[in-house]
Structure formats: structure tokens, C-alpha cells
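Here's the structure we're looking at; comments come further down.
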Amino acid sequence: QVQVVESGGGLVQPGGSLRLSCEASGTIFSVNAMGWYRQPPGKQRELVATITSTGSTNYADSVKGRFTISRANAKNTVYLQMNSLTVDDTAVYYCYAGVQTVPSRRETNYWGQGTQVTVSS
């Protein structure tokens, strides 16, 4: 069993910052890629940022220069630092972790339940 739990969402004014965290736990052999997607109201889920186990990152064009993804491998945790937030960043943010479980070592993407980020004045 693997659990992925996000935290850190909330209400923030335009121009403000938030930091999201996401931890994977359970019967884990290793955690490979981790990342964040978001689903704005009435829209489809979209990629925000991803990070490999060696630290290579990828960002959606809409967040480049404003968001930073990082991870603490020893804690199986990924972070998303969000700065200069705009109303267009309002969404439910979902974390995923590519986990190899024990004993099979089969890799599966596990998803969190989502955390709401609302940017509003």
C-alpha cells in the first residue's frame, strides 16, 4: 500500500506565494519521478511541473519563472514553491509519485487527493 498526501493549499491574494508539500509513504522500494498537476474550475487537468529522482525538472510554460519544484529524496517528499500567483493559478493541485513497491518492484503512479489553491483579492 502506498499513500500520497498533499498539504499547503489555501487562499492567497494575487502576487502572493504558497508552498505545497507532498509525501509518499508505505511499502516503497524507490520513488522515481514526482510531480504536480492542476485542474482549474471547469477545465481539464494539466501539467504543472515534474522532477526526476536525480533532480531534472520540467515546467509548464505558464509557470516558468514563478514556480519551483524540489524534492527531498530521503523523505519521499516533493515541494512546489509558487510565487507571483495570479487568479489563473486557482485550481485543485494534485501530486503524483512514480513508486516502485516491495516486493514486486513494479512501478506505478500514485496520486494524492488534491489540495485547493485559490488566488483571489
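- Contact of the Leu85 side chain with the Leu18 side chain is registered, since non-hydrogen atoms from C-beta on lie closer than 4.5 Å.
- For Glu23 and Lys75, the salt-bridge test fails: no basic side-chain N is under 4.0 Å from an acidic carboxylate O.
- Seen from the ring of Tyr94, Arg45 counts as a face-on cation partner, given the 6.0 Å and 45° thresholds.
- Thr52 is not listed as a side-chain neighbour of Thr57, based on a closest heavy-atom distance of 4.5 Å or more.
- Listed for the Glu6 side chain is no donor-acceptor partner under 3.5 Å among the backbone atoms of Ser21.
- Looking at heavy atoms from C-beta onward, Met82 lies out of side-chain contact with Val48 at the 4.5 angstrom threshold.
- Put simply, OG1 on Thr54 and CG on Asn73 are 9.0 Å apart, with the number rounded to the nearest 0.5 Å.
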- Task: Take Ser17 and Asn83, measure what side chain to side chain donor-acceptor pair (under 3.5 Å) needs, and give me the verdict at the end.
- Result: CA-CA 4 Å; Ser17 298; Asn83 299 328; 2.9 Å; yes

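- Of the N and O atoms on the side chains of Arg38 and Tyr93, at least one donor lies less than 3.5 Å from an acceptor on the other residue.
- Considering OG of Ser62 and CG of Asp89, their distance stands at 7.0 Å, rounded to 0.5 Å.
- Contact annotation: the side chain of Val2 never approaches that of Ser25 to less than 4.5 Å [non-hydrogen atoms, C-beta and beyond].
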- Task: Show your reasoning for whether side-chain contact (heavy atoms from CB on, under 4.5 Å) applies to Leu20 and Val117.
- Result: CA-CA 9 Å; Leu20 305 183; Val117 172; 4.1 Å; yes

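- Between Trp111 and Tyr96, the ring-plane angle classifies as tilted under the 30° and 60° cut-offs.
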- Message: Under the criterion side-chain contact (heavy atoms from CB on, under 4.5 Å), I'd like the reasoning laid out for Ser7 against Thr115: C-alpha separation, chi angles, the key distance, then a yes or no.
- Response: CA-CA 7 Å; Ser7 61; Thr115 186; over 6 Å; no

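- Rounded to the nearest 0.5 angstrom, Ile51 CD1 and Asn32 CG are separated by 12.5 Å.
- Residues Gln13 and Ser121 have side chains that never bring a donor and an acceptor to within less than 3.5 angstrom of each other.
- Closest approach of Ala49 and Leu80 over heavy atoms only: CB-CD1, 4.4 Å.
- Here OG of Ser30 is found 7.0 Å from CD of Glu107. Values are rounded to the nearest 0.5 Å.
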- Could you walk me through whether Arg19 and Tyr79 pass side-chain contact (heavy atoms from CB on, under 4.5 Å), step by step? CA-CA 7 Å; Arg19 188 191 195 210; Tyr79 306 96; 3.5 Å; yes

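- Here the side chains of Cys22 and Val4 are in contact, with some heavy-atom distance below 4.5 Å.
- Linking ILVMFWY residues whenever their side-chain heavy atoms come closer than 4.5 Å, directly or via other members, leaves Tyr37 and Val31 in distinct clusters.
- Listed here is the closest heavy atom pair of Gln116 and Val92: OE1-CG2, 3.2 Å.
- Ile28 has its side chain within reach of Asn76: a pair of non-hydrogen atoms, C-beta onward, lies under 4.5 Å apart.
- Within the 4.5 Å cutoff, no side-chain heavy atoms of Met34 are placed close to those of Ser53.
- To the nearest 0.5 Å, atoms CZ (Arg106) and OG1 (Thr101) are separated by 8.5 Å.
- Residues Ile69 and Trp36 meet the side-chain proximity criterion, which asks for heavy atoms closer than 4.5 Å.
- Residues passing the side chain to side chain contact (heavy atoms under 4.5 Å, CB included) test with Val102, sequence neighbours excluded: Thr27, Phe29.
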